[in-house]
Structures are given as C-alpha cells and as structure tokens.
A.B. asks: 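Just passing along the structure, written as structure tokens.
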Amino acid sequence: MAKEITTRETDYAKWYNDLVLKSELADYSAVRGCMVIKPYGFALWENMRDALDKMFKDTGHVNAYFPLFVPKSLFEAEEKNAEGFAKECAIVTHYRLKSDPDKPGKLMVDPDAKLEEELIVRPTSEAIIWNTYKSWIQSYRDLPILINQWANVVRWEMRTRLFLRTAEFLWQEGHTAHATEQEAIEETVKMMNVYADFVENWMALPVLKGVKSENERFAGAVETYCIEALMQDGKALQAGTSHFLGQNFAKAFDVTFTDRDNKLDHVWATSWGVSTRLIGALVMAHGDDDGLILPPKIAPIQVVIVPIYKNDEQKSVIHSKVQPLLVGLKNAGIRYKYDDSDNARPGWKFAEYEMKGVPVRITIGARDVENNSVEVARRDLKQKTVMSMDGLIPNISALLDEIQKSIFNKALEFRKAMTTNVETFDEFKTVLQEKGGFISAHWDGFSGTEEKIKELTKATIRLIPLEDDGESGKCILTGKPSKRRVIFAVAY
RNA sequence: CGGGGCGUAGCGUAGCCCGGUUAGCGCGCCAGAUUUGGGAUCUGGAGGUCGCAGGUUCGAAUCCUGCCGCCCCGACCA
C-alpha cells in the first residue's frame, strides 16, 4: 500500500507524476522547474544514450563539446532562431557575489561585477557552434563536419512537467556542415530515420515520420523532419526532430567554403536532437496502473531474481542453486539483479520491481529447488509460468525478445486503433473530443488555417507524412482544395 | 504572466476558522520475537527550530504583516 499510484482513468496527469516519482526515475528539486534524475532514471538514460551514441558513431559522427554560455551578440546573429528562443532564455549578467553589508552571513550580487556582454545559457547550440565552424571551414575538403554533443540545455519554461518539460534538460544535438544542399537534406533524413529506428526498436514505441508545418517548424530551419509518438491518453508527443537548416546559419555566421571549382559558397547545415523527454514518452506510452513497463533492450535491470525462504538453511540452499543461474545470465549478457536482501518480504519486492518496470522476475523458493524449477513472471502481461532450471537462460533470453516485440506491438495496435480519418470539421471535433489520437485530415496548406483549427480545438498539425498518399480532397475547415492528408493531434 | 494549492519527524497527514495540557495519527526507521509463494504481525523505542522574519498577546502551529520555496491548472513552448 505504501507505493500505490493514481490510476490512469482517475487522473492521467497525476498517474504520470506519481509513476515518475515512485518508480524513482526522478524527483523534484529545490530549484523551480528543475528535476533530479535519480540513479534508476539515469541508468535508463545511460542505456538510451549508449544505444543512440553507437548509432551516431556508426553513421560517421563524432562527439565534441561546446560551451554552455553563448555571448548575446552571437546568439542573436541568426535572427529567426534567436527570436524563437528569446522568451525562454536564462541570462548571466554578473560574475561575482560579495558579502551583503546589510545582512550578515548573506551574499549579494556584486554590482561592480557586471559583465560587459551578457551570456545566454544555451537553449540550443547552433550559435556557438556555427561561430566555431567558421574558423574550421575553408574548403570543400574540410567538409562534411559531422559532430554530435551530449549536453544540458536551459529553456526557461512557464510551466514544467517531469521529463516532458523542465527548465534544464539533457539531450544530444547533432550539428553538421555540408558542401551541398542535397547532402545536407540526406543527412537530415538519415538522422530522422536513426531516431525512428531507435525509438521503435529500442524503446518499443512506434512513431510516425514526417515534416513539420511552417507553424511548428524549428526557428531558423528550412525544413523540420520529426517523429511523433502517441501516448495512452491520446495525445501526441514529439519524440525527435531533425532540421535542414539550409544556409541560414552559414549566412548569419559567414561560414563559406571554396568548392571544387574554386567558387565561394555558404555551407549547408543540419541539426538534430532528442532529449530526456523520451523518458517521459516511455513512461506514458507503456506504463500501467501498477507502474512502469520498460522494454528489455533499455531496462536498467532486465531480470530480477527474488528468493523465497523460511529460514537461513533454505536461504543458503537457494543461494547455491541460484549461483550458476547468475553466471549464466551474466554470460548471456543479461542485466540482472539478485535481490536476497532481508529488508523486504517477497510480496513487497514483487510490487516494487513491477513499479520499476523490470521486464522479467524469476522467483525461486523451496518448492522450486525440489522441482528443479523457477517461477518466471513477465511484467508486461503480468503472467506467471513455471520453467525448468535446465535450459533456463536461453528461455529467458527468448522471453526478453518476446517482451520487446510484444510491447511494441501493443503500442502499435493502440496507435492504429487511435488513428482516424475524417472528412469534415464536425467529424474532426467529435473524434478529437470523444476519442483523441491521431487524426488524418485534409488541410489547405495555409498557416492561418492551422492556427484557426488550433484556436478552435487545441489540435495542431503534428506532421505531414513523408509518403504522399496522393489523395486529394477538401480542407476540413475551409473547404479549399488539398493535395494530401496531414496528421493532426493535441500534443504535449 | 494570470488563477489555485501547499509548506507540521524521512514520507503522507490531523490540528489552524474559534490562540491555552507534553503537537496527534499512518507509513517508514531502530531493537527483539514470530514470520516469508503477492505490499507480515506483535511488543518496545527513537525521531519535531510546526517554511523564514517581524508583530499582537500573559501565552502563537493557530491571529496580523512581510518574505521565501515548491506543486497544480491555464496562456506560451520541445
């Protein structure tokens, strides 16, 4: 009873908060809008980060690190981008504190330590990076530059939510420079596909791929590619973005190169990122009223072993029986935890690891020792089966694979059931209100129309699908001709 | 930036309107015993600057003033 959480039906937002806190992914902090990522949550992030990092390296990227602070003059160089972020920037104005003469033991900002130029705490790093690239690039021989950085960024949000929107968050941002437009576009699409691959195959979360409408596009980008996932409450969540920046930043920062024909041109750019927000997506897409459900491929603990014993003698018998099993799990590369602590009784442990979303639990007691068996419980379906100790490891490996697929398929089925084609605005409003989810509808292509729809329904265009369905029709709002359907949803 | 809520032991809370024993309860914690296949039970014990600072009063968790902090809802945003 100590760790019960609000059910999804009662209050989805509260369920989410309870779950994040009680599964020990994160905690609130003394800093407004900033959270502490707890060890369990960070272990999850590390697994995600490591998988992504490998994918980046496998596609030819290298890591580097750029400064947290961006001088204001650099920040504002690319005007659209600067304007887009202006309202949510933290600014450093001073560099020193001093003792407050009026309040003993207290400190005050030293007015004599005002910076000549304010420093912006990066909300994203294009400015400082393009300022740097300028000095790295002279010739086409210097291109492409394929750099990624793992970093924290700060966006001063009015309203925050654990993982989904916090003032400071962790992410990776790729920043690439290319000699040709085509190569940059290819890079942009490639990275969107890397993201989709990661989110679908590691996080077991199906995504839609597409491009953003002008309203939703990254400030400073020519085109924003994105992946969108659907949460259990029928709201969409942007899971990753990849931007084709054209020559906007190269022009703003005067980054030119000499091409093969000895002609001077501005370089072509991309940037792409995913953040700890993905953890929020994971929680909301898969979790249930008993806690998290983590996909095995990124779960910090894939298998937990809980011994059940009535006395020390039984405990030591189980212990000796478990040892070869642990060796087997380790050799099979399975992340496991053998919880033989006496602090909690088995029932408590069961609930605790379910809260934390551990995919598989192995229970072993006197009965099992006698039968040379174990009880295996899978978290996603809450099913228990008895398995023989003989050949257990391959069976557990297979089960983990099966769970990975099963979680994905469940989410995919949900998304299919929650994707609706509509023809009229009335239908659109009804579906939105009564069902939610992705709504595929015709749109006339005008920003004003999208804004109007948002004003009336809170739904926005999540993406314009990459594959053209070739189906023409009439805009649900204006009745003007539309060449294709786009995907609407209420978004996080 | 508007609206609301909260701040009392590690966590969750009662008490506050209507000032007056030693600030109560549940969980957790510590010791011991019995237990252990779905969140154990009993016995004993420890743990509190009632967010901070002023003020009113014989007396303040409670009333007044100011401040600080966090959370939730909205607008804005990934």
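Hydrogens, waters and symmetry mates are skipped; everything else that's a heavy atom, side chains included, is used.
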A.B. asks: Using the C1' atom on both, measure B:rA60 against B:rC73 and round to a whole Å.
C.D. replies: 34 Å
A.B. asks: Between C1' on B:rA75 and CD on A:E88, what's the gap in Å once rounded to a whole number?
C.D. replies: 14 Å
A.B. asks: I'd like to know if A:K384 reaches the base of B:rG37 with its side chain such that a donor and an acceptor end up less than 3.5 angstrom apart.
C.D. replies: no
A.B. asks: NA contact type, A:V306, heavy-atom cut-off 4.0 Å: base, sugar-phosphate, or nothing?
C.D. replies: nothing
A.B. asks: Ignoring hydrogens and angles, answer whether the base of B:rC77 and the side-chain atoms of A:R165 contain a donor-acceptor pair closer than 3.5 Å.
C.D. replies: yes
A.B. asks: Do A:E118 and A:K72 sit within salt-bridge range, that is, some charged N less than 4.0 Å from a carboxylate O?
C.D. replies: no
A.B. asks: Which value, in whole Å, describes the distance between the C1' atoms of nucleotides B:rC1 and B:rU65?
C.D. replies: 26 Å
A.B. asks: Both distances under 3.5 Å, Watson-Crick or G-U wobble: report the partner of B:rG37, or none.
C.D. replies: none
A.B. asks: The side chain of A:I308 is closest to which nucleotide in this list: B:rA78, B:rC70, B:rU36?
C.D. replies: B:rU36
A.B. asks: Counting any heavy atom closer than 4.0 Å, what does A:A366 reach on the DNA or RNA strands: base, sugar-phosphate only, or nothing?
C.D. replies: base
A.B. asks: Does A:F169 reach a base, just sugar-phosphate, or nothing at all? Heavy atoms under 4.0 Å.
C.D. replies: base
A.B. asks: Does any donor-acceptor pair link the side chain of A:R361 with the base of B:rG38 at a separation under 3.5 Å?
C.D. replies: yes
A.B. asks: Would you call A:E168 and A:R155 a salt bridge, taking side-chain N to carboxylate O under 4.0 Å as the test?
C.D. replies: no
A.B. asks: Can you tell me if the side-chain N/O atoms of A:R345 get under 4.0 Å from OP1 or OP2 in B:rG37?
C.D. replies: yes
A.B. asks: Between atom NZ in A:K458 and atom C1' in B:rC73, what is the gap in whole Å?
C.D. replies: 10 Å
A.B. asks: Would you call A:R361-A:E352 a salt bridge at under 4.0 Å N-O?
C.D. replies: no
A.B. asks: Please walk me through it: do A:Y195 and A:F198 pass ring pair (Phe, Tyr, Trp, His ring centres under 6.0 Å)?
C.D. replies: CA-CA 5 Å; A:Y195 288 153; A:F198 170 74; 8.3 Å; no
A.B. asks: With respect to A:E228, which candidate in A:K235, A:K209, A:R415, A:R462 satisfies the salt bridge (charged side-chain N to carboxylate O under 4.0 Å, His left out) definition?
C.D. replies: A:R462
A.B. asks: Counting the atoms with a prime plus P, OP1 and OP2 as sugar-phosphate, which does A:R277 contact under 4.0 Å by heavy atoms, base, sugar-phosphate, or nothing?
C.D. replies: base
A.B. asks: Answer yes when A:K22 and A:D27 have at least one side-chain N-carboxylate O distance shorter than 4.0 Å, and no when they do not.
C.D. replies: no
A.B. asks: Of A:R367 and A:R161, whose nearest nucleotide on RNA chain B comes first from the 5' end?
C.D. replies: A:R367
A.B. asks: Pick the P atom in B:rA9 and in B:rG51, then give their distance to the nearest Å.
C.D. replies: 8 Å
A.B. asks: Using only side-chain N and O atoms of A:N17, determine if any of them is under 4.0 Å from OP1 or OP2 of B:rC71.
C.D. replies: no
A.B. asks: Given B:rC71, B:rA75, B:rG38, identify the nucleotide with an atom nearest to the side chain of A:Y28.
C.D. replies: B:rC71
A.B. asks: Quote, to the nearest angstrom, the P distance that separates B:rG45 from B:rC52.
C.D. replies: 30 Å
A.B. asks: Please report the distance separating the C1' of B:rG24 from the corresponding atom of B:rG15, rounded so that it comes out in whole Å.
C.D. replies: 8 Å
A.B. asks: Indicate whether OP1 or OP2 belonging to B:rG74 is found under 4.0 Å from a side-chain N or O atom of A:R159.
C.D. replies: yes
A.B. asks: Quick check on RNA chain B: between A:K382 and A:L162, whose nearest nucleotide comes earlier from the 5' end?
C.D. replies: A:K382
A.B. asks: How many whole angstroms separate atom CE of A:M355 from atom C1' of B:rG38?
C.D. replies: 14 Å
A.B. asks: The side chain of A:S275 lies closest to which of these nucleotides: B:rG37, B:rA78, B:rC76?
C.D. replies: B:rA78
A.B. asks: Applying a 4.0 Å non-hydrogen cut-off, can you work out what A:G280 is touching in the nucleic acid: base, sugar-phosphate, or nothing?
C.D. replies: nothing
A.B. asks: Using the P atom as the point on both nucleotides, what is the distance between B:rA23 and B:rG69, in whole Å?
C.D. replies: 31 Å
A.B. asks: Walk me through it: do A:H286 and A:F414 pass the test ring pair (Phe, Tyr, Trp, His ring centres under 6.0 Å)?
C.D. replies: CA-CA 11 Å; A:H286 298 318; A:F414 175 78; over 10 Å; no
A.B. asks: In whole Å, what is the span from the NZ atom of A:K22 to the P atom of B:rG28?
C.D. replies: 14 Å
A.B. asks: Please give the distance between the C1' atoms of B:rA61 and B:rU21 as a whole number of Å.
C.D. replies: 15 Å
A.B. asks: Given B:rC76, is OP1 or OP2 found less than 4.0 Å from the side-chain N or O atoms of A:K454?
C.D. replies: no
A.B. asks: Rounding to an integer number of angstrom, what distance separates B:rG59 and B:rC67 when you compare their P atoms?
C.D. replies: 26 Å
